[in-house]
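Along the sequence shown, the residues carry numbers beginning at 1.
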Amino acid sequence: MPELKNDTFLRALLRQPVPCTPLWMMRQAGRYLPEYNQTRSQAGSFMGLAQNPEYACEVTLQPLRRFDLDAAILFSDILTVPDAMGLGLQFVAGEGPRFERPLRDEAAIQALQAPDLERLRYVFDAVSLIRRELAGSVPLIGFSGSPWTLACYMVEGAGSSDYRRIKTLLYSRPDLLHRILSVNAQAVQAYLNAQIQAGAQAVMVFDSWGGVLADGLFQQFSLAYTRQVLDGLIREHEGRRVPVIVFTKGGGQWIEDIAATGCDAVGLDWTANLAAARRRVGDRVALQGNLDPMTLFGGEAAIRAEVRRVLADFGPVGSGGHVFNLGHGISQYTPPEAVSVLVDEVHAASRAYHES
Ligand SMILES: Cc1c2[nH]c(c1CCC(=O)O)Cc1[nH]c(c(CCC(=O)O)c1C)Cc1[nH]c(c(CCC(=O)O)c1C)Cc1[nH]c(c(C)c1CCC(=O)O)C2
């Protein structure tokens, strides 16, 4: 594998010195890019894109051709894992993901098993192909959903506004929920390790729905299983540390607990304040985030001002690590020009915070 030309993203995650703050964006490959929509219509569907390594590679690279981003993220979805467990993932146009066979009774839960990784071969093939095509320009991030977030989709069968089904299970049959979560933890760990072996240079766990849990239950039903995943991850590959990022949407109040999972970095949504977060965890982990994605609709002056505010909140980087990101995925309605402004401002305005 060729030497990495730009390793600022990996260095920042490990709290090593960098000349300016690296950035990437959650959902950086997606519908706000016309070229994505074009490739998607060629592929016929979202899963048609994700399951074809050439298409997955093409859309992964699209945002990097337009913008000076410091990392690539595998184009895939967190729901490929429950799909490989036999739940039957479907993307209904305009409705988002849905499972044909959600976990709705005890028999289905007892029968659940970690998937045969051969069924996810298309993901690992995409990882290897993307690594080859990146040719050392920037590192590649692999990812998975957290055991809890996957369980939410597996039990609800689709997105939810109140999480009624999974919370019914949690409060009435916690034993069954624990069974789903242990299967998921085993599956996610094997899935991430296979991505690392295929060439992912950092991995991120998306706990998108951790924030809907009550305090105490978050630690028991989400974080404990994320920690199980991390405990068995490959942390060194190709002679380099493979940093792990844990992102819990709505998890700002639990940042000390998240930092204690053994991750290298904690991802924060825009409701957290980076200065306060840093005071709480010290420089034990790097922080990733946390611009409100809607800032990108505010015009150039607002984008530049908000980027400077986020950088100032983190403050002089010193022995810490900051990876700039949005606090959640970029909206499909974002004008691509807004992203150019964001990238320019992060790289230019952050230099002052890296002078020792
Ligand atoms: C909860 C979740 C999902 N998927 C994911 C999460 C965790 C992150 C988060 O909290 O947003 C993770 C994900 N999904 C996708 C990526 C690709 C990599 C990237 O560029 O960040 C990643 C990292 C592609 C995608 N996954 C999806 C799209 C849009 C699909 C399309 O092209 O129609 C993309 C680009 C579909 C998807 N997939 C999922 C939903 C709810 C949807 C529909 C949402 C929507 O319509 O915006 C489940």
Side-chain angles (χ1 to χ4, degrees), residues 76-89 97 99 101-120 123-124 142-158 160 163-197 203-235 242 244-249 251 254 257-263:
S76 188
D77 198 82
I78 62 167
L79 302 180
T80 54
V81 171
D83 183 54
M85 291 172 171
L87 274 68
L89 177 61
F99 284 114
R101 291 173 292 280
L103 302 176
R104 286 287 158 77
D105 53 40
E106 180 160 357
I109 295 171
Q110 297 296 2
L112 189 72
Q113 284 188 346
D116 177 354
L117 288 183
E118 270 314 303
R119 302 192 64 177
L120 291 158
V123 176
F124 316 130
F143 70 90
S144 173
S146 71
W148 161 257
T149 293
L150 294 180
C152 287
Y153 274 99
M154 293 160 75
V155 171
E156 297 289 339
S160 170
Y163 305 88
R164 178 172 54 83
R165 288 192 163 93
I166 187 126
K167 288 194 175 182
T168 300
L169 193 64
L170 185 156
Y171 292 113
S172 65
R173 289 295 306 272
D175 59 314
L176 292 182
L177 182 52
H178 280 300
R179 167 157 168 84
I180 301 172
L181 293 167
S182 5
V183 173
N184 286 357
Q186 215 190 314
V188 165
Q189 185 182 93
Y191 181 58
L192 288 175
N193 278 338
Q195 290 183 38
I196 293 167
Q197 272 160 335
V203 292
M204 174 149 159
V205 176
F206 285 89
D207 189 22
S208 304
W209 290 3
V212 307
L213 285 164
D215 183 46
L217 298 183
F218 166 74
Q219 288 81 347
Q220 233 180 298
F221 289 91
S222 176
L223 207 57
Y225 290 93
T226 296
R227 182 179 301 112
Q228 265 186 36
V229 170
L230 267 54
D231 281 347
L233 282 187
I234 298 169
R235 299 302 280 269
V242 181
V244 178
I245 308 162
V246 175
F247 169 69
T248 300
K249 177 139 189 296
W254 300 305
D257 293 332
I258 300 168
T261 53
C263 62

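- Distance alone, capped at 3.5 Å, places no donor-acceptor pair between the Gln219 side chain and the Ala224 backbone.
- Without hydrogens or angle criteria, Thr248 side chain to Gly251 main chain gives no donor-acceptor distance under 3.5 Å.
- Panel note: side chain Asn193, backbone Leu233; no donor-acceptor pair is recorded below 3.5 Å.
- The backbone N or O of Phe247 sits nowhere less than 3.5 Å from a side-chain atom of Asp207 that would complete a donor-acceptor pair.
- The backbone N or O of Arg164 sits less than 3.5 Å from a side-chain atom of Thr168, completing a donor-acceptor pair.
- Judged by distance alone, the side chain of Gln195 and the main-chain N or O of Phe143 form a donor-acceptor pair under 3.5 Å.
- Side-chain atoms of Thr149 do not come within 3.5 Å of backbone N or O of Ser146 as any donor-acceptor pair.
- In this structure, the side chain of Arg119 engages the main chain of Ala84 through a donor-acceptor pair within 3.5 Å.
- Using a distance-only test at 3.5 Å, with no hydrogens or angles considered, a donor-acceptor pair links the side chain of Lys167 to the main chain of Val212.
- Closest of all the heavy-atom pairs between Ser76 and Tyr191 is OG-OH, 4.1 Å.
- Two residues are said to be in side-chain contact when any heavy atoms from C-beta on lie closer than 4.5 Å; Ile180 and Val155 meet this criterion.
- Listed by first and then second residue, the salt bridge (charged side-chain N to carboxylate O under 4.0 Å, His left out) pairs that reach into residues 168-182 are Glu106-Arg173, Arg173-Asp175, sequence neighbours excluded.
- One N or O on the side chain of Trp148 and one on the backbone of Trp209 form a donor-acceptor pair closer than 3.5 Å.
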